[in-house]
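Below is one structure; the comments refer to it alone.
Reminder, nothing fancy here: chain letters follow the sequence lines and each chain counts from 1.
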Amino acid sequence: MNFSDHHDNNEIPPYLEKLNEPQREAVMHTEGPLMIIAGAGSGKTRVLTFRIAHILKQGFDPFSILALTFTNKAAREMRNRIESLVGPAAKSLWMGTFHSVFARILRQEAEKLGYPSNFTIYDSDDSKSLLKSIVKEMNLDEKVYKPGMLLGRISTVKNNLISARAYSEDESLVNEDKQANRGKFADIYRQYAARCFKSGAMDFDDILINTYILLDRFPEVCHRWQHRFRFVMVDEYQDTNRVQYLITKTIAAVHQNICVVGDDAQSIYAFRGANIQNILNFNRDYPDVKTIKLEQNYRSTRNIVNAAGSVIKHNRNQLQKEVWTSNETGEKIKVVRSATDSDEARFVAQNIFEEKNREHLPNKAFAILYRTNSQSRPFEEAFRRMGIDYRIYGGMSFYQRKEIKDLLAYLRLTVNPNDEEALKRVINYPTRGIGDTTINRLLFLAGENKASTWEIVSNARQYPDLGAGAGKVENFAMMMKSFMAMLQTHNAYELAMHIAKQTTLLKVLYEDKTVEGISKYENLTELLNAIQEFSEDDESEKEKSLSNFLEEVALFTDDQKDKDPDRDCVTLMTIHSSKGLEFPCVYIVGMEENLFPGQMSLTSRADLEEERRLFYVAITRAERKLSLCYATSRFRYGSLLPCEPSRFIDEISNEFLDMNLAGMKKENPLTRFYSQRTQQPNNPVTRAESLLKPNPLPEKPVPPADPNFEAGDISGLKEGDIVVHQRFGRGKVTMLEGDGDNRKATIFFTGLGEKKLVLKFAKMRIE
DNA sequence: TACTAAGCTCTTTTT
DNA sequence: GAGCTTAGTA
């Protein structure tokens with residue numbers, strides 16, 4: 001090892017002069033455990049990248065540094081920034097998401113655990129589909145054992161390192177399941193684990209737990225990795241779960257050079273097992289830990305920083321810290337009310353258009369953040385109409401599309417014939433006369449003979465039970481075998497192209513001239529191009545096998561295979577995926593009770609606190625301008641539902657908001673805005689609405705609320721009633737269905753131009 | 001076995 | 001509203 005560059009600790013190297021005191025301290029503290037509590041916008045990524053560069057400058061080998069992140073986006077960004085600091089050495093760093101780094105390790109060691117080295121990675125769709133067939137095979141009630149719920153629970157259990165066997169032997173867990181009316185869960189879990197293993201497949205959680213098992217059971221392997229990684233760094237440490245915590249602890253056990261960076265106030269992944277205690281209790285594992293707090297925010301105006309602080313202080317469970325900024329005070333936060341979700345979208349598009357012109361800003365200065373992916377739709381429409389370029393992150397990713405998954409399934413099956421989910425997907429697609437009956441027989445035979453389904457398929461002739469189906473199955477098997485033979489002789493692209501043609505996948509879509517068909521054909525071509533790029537990429541040091549491509553795809557849900565990363569467009573994304581990003585102007589939309597905070601999150605205080613941290617994350621994305629938008633009614637469940645403003649708006653201290661609300665907090669928020677509008681014609685709420693021309697909803701005097709008719713209650717309605725709705729005016733009830741929570745009223749509103757609406761809740765009175 | 005129409009359920013966030 | 005499952009028909 002080369003220490004020639006090594007300098008005295010008291011001397012500050014010139015390249016670190018740009019950092020502030022605590023940042024520099026964090027960068028230079030490279031020996032021994034270190035915890036960096038980094039408030040939002042405090043230059044966390046900067047510290048991490050400089051720290052890695054600093055270690056490299058001291059002469060350490062890039063291979064000795066392990067840097068773990070949660071998202072591909074974060075990993076990519078960090079790699080780019082390090083590359084600009086230290087050059088090509090950045091390529092050799094072990095840096096990536098937990099899943100991608102550990103999958104890479106597992107590829108080398110999988111056989112020790114009984115997996116093939118070309119193991120498949122099951123994404124959650126594969127996992128759910130497998131669970132579904134297990135439930136079916138076990139003849140259980142599919143309403144009780146829903147795949148999503150099962151996978152969620154399996155994931156939680158796995159992340160706490162409880163194996164299927166340990167689970168069924170744990171009486172308290174099994175009893176708990178009985179109480180909760182899912183007594184068969186242990187059996188399903190067992191079956192699920194066995195089937196994954198038999199298919200040579202790991203799900204997302206297996207990648208983590210198998211890494212842990214590998215390190216735990218094979219001391220010589222553990223020893224090797226422990227010594228290899230002299231420096232371990234974990235970004236977003238507040239989001240680690242138990243296995244991730246154990247793995248990093250194990251790997252860092254020899255050198256003890258572990259550096260974790262996080263912000264408990266930004267922990268937003270508890271729903272998938274993140275354990276905030278990992279960061280809260282870090283000093284228990286490392287009593288001699290050095291703790292550094294980065295509290296100065298460089299990103300946002302003082303108003304935004306303080307508003308965020310006023311929100312997060314409602315949470316009880318957190319580390320003490322005081323985020324501050326020396327930036328200018330800046331504008332107050334706007335609160336914008338719209339009539340419907342589409343009005344909200346039109347307002348935002350219009351507002352962006354105006355701000356752009358007034359302040360000469362590019363499109364990419366703007367971001368729209370929402371709670372759920374489904375909220376993006378009205379914005380797409382509004383931006384298209386305004387001619388503003390936009391880009392939606394997340395949602396249905398390219399690799400989740402049906403046509404893409406179909407071809408990928410063929411590729412997966414070629415690489416790993418035991419991959420049962422892939423087999424089930426393609427055995428009769430395109431249709432080749434192998435129907436449900438035959439498939440079920442195949443699966444049954446596989447279970448009976450303790451063989452993989454592929455073994456049955458490839459020897460179909462030997463099973464008379466298959467009857468007439470045998471010939472068709474045999475043809476399919478022969479085709480697959482011909483693909484497998486090509487693995488040795490052809491590169492990934494040639495093979496994929498051959499498969500796409502041979503299976504007629506490409507041809508079927510080419511002949512489909514519907515809009516969807518054309519787009520599917522284009523998608524498939526794009527996938528083929530991506531494979532071609534992958535197999536011809538000289539830059540990458542990675543092995544260019546098909547198997548590697550499939551792994552990349554499985555772990556790269558992040559999408560954005562950006563053809564043009566510099567495109568100037570407005571960003572639309574969920575708050576979750578906005579973590580780590582920043583924008584001059586941010587619109588947080590859908591600020592409504594039951595949407596944000598969502599109804600699912602309101603069962604416990606912990607959930608509400610996580611939701612509040614999410615709001616904190618959203619606010620702190622904004623550099624200069626922040627608007628909080630909500631609608632008074634919104635399309636959901638296929639009908640228009642009235643909405644109330646989110647409690648989170650009320651949790652921001654008034655002094656940071658651009659509206660005169662002094663002394664009005666206790667009022668019903670709806671009444672508040674109606675009365676405000678008449679009194680103050682220039683308040684931001686009214687301004688927002690005046691921009692929306694034409695406003696589809698007629699301005700009408702608001703009838704006084706009937707004290708006998710509670711908001712959200714339509715129980716008193718009868719068919720034929722004439723009602724006056726707070727927003728939609730007069731209407732006639734034409735149909736009533738269901739009881740209790742399922743009660744629905746269909747009402748014709750004359751005020752909406754004879755429009756029919758199905759309402760589940762309504763604020764209105766009977767005339 | 002394959003296709004179509006009607007019915008049902010689900011709506012959080014990501015590797 | 002969308003996506004998926006079931007029932008019914010060719």
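- Residue Phe98(A) is classed as having no contact, given no heavy-atom separation below 4.0 Å to the nucleic acid.
- Distance Asp239(A) CG to dT15(B) P: 11 Å, rounded to the nearest Å.
- Rounded to whole Å, the distance from NZ on Lys143(A) to P on dC10(B) is 9 Å.
- As rounded to whole Å, 10 Å separates atom P of dT15(B) from atom CD of Gln400(A).
- Straight-line distance from the CG atom of Leu608(A) to the P atom of dT13(B): 18 Å, rounded to whole Å.
- Both tests do not hold together for Arg242(A) against Tyr245(A): distance to the six-membered ring centre under 6.0 Å, angle to the ring axis within 45°.
- Contact annotation for Asp206(A): no contact, since no heavy-atom pair falls under 4.0 Å across all strands.
- Contact check, Asn428(A) against dT1(B): no side-chain N or O comes under 4.0 Å of OP1 or OP2.
- Counting only heavy atoms from C-beta on, Thr574(A) has its side chain closest to dT13(B) among dT13(B), dT5(C), dT15(B).
- Each of Arg425(A), Arg412(A), Lys424(A), Arg195(A) was evaluated against Asp126(A); a single residue qualifies, Arg412(A), per the salt bridge (Lys or Arg N to Asp or Glu O under 4.0 Å) test.
- One atom, CD of Glu236(A), and another, P of dT14(B), lie 14 Å apart when rounded to the nearest Å.
- Close to dT14(B), at under 4.0 Å from its OP1 or OP2, lies a side-chain N or O of Asn373(A).
- Residue contacts shown for Arg613(A) are absent, as no nucleic acid heavy atom lies under 4.0 Å away.
- Checking the phosphate oxygens (OP1, OP2) of dT1(B), a side-chain nitrogen or oxygen of Thr438(A) falls inside 4.0 Å.
- Distance from the side chain of His99(A) is smallest to dT15(B) among dT9(B), dC10(B), dT15(B).
- Asp436(A) has its CG atom 13 Å from the P atom of dA7(C), to the nearest Å.
- Residues Arg613(A) and Glu610(A) are paired through a salt bridge, judged by an N-O separation under 4.0 Å between the basic side chain and the carboxylate.
- Between Lys146(A) and dC10(B) there is a side-chain N or O to OP1 or OP2 distance below 4.0 Å.
- Between the side chains of Asp203(A) and Tyr192(A), at least one donor N or O sits under 3.5 Å from an acceptor N or O.
- In this structure, OH of Tyr429(A) is placed 14 Å from C1' of dA2(B), rounded to the nearest angstrom.
- Judged by the 6.0 Å distance and 45° axis criteria, Arg107(A) is positioned over the aromatic ring of Phe119(A).
- Proximity note for Arg377(A) (side chain, C-beta onward) versus dT14(B), dC4(C), dA2(C): the nearest is dA2(C).
- Of the candidate nucleotides dT14(B), dT15(B), dT1(B), dT1(B) has the atom lying nearest to any side-chain atom of Thr437(A).
- Taking the ring centre of Tyr145(A) as origin, the terminal cationic atom of Lys136(A) falls outside the region bounded by 6.0 Å and 45° from the ring axis.
- Distances from the side chain of Thr431(A) to the nucleotides dT13(B), dC3(B), dT15(B) place dC3(B) closest.
- Nearer to the 5' terminus of DNA chain B, by closest-nucleotide assignment, is the contact made by Gly433(A) (compared with the other of Gly433(A) and Ser374(A)).
- Summarising the geometry, the separation between OH on Tyr269(A) and P on dT14(B) is reported as 6 Å, rounded to the nearest angstrom.
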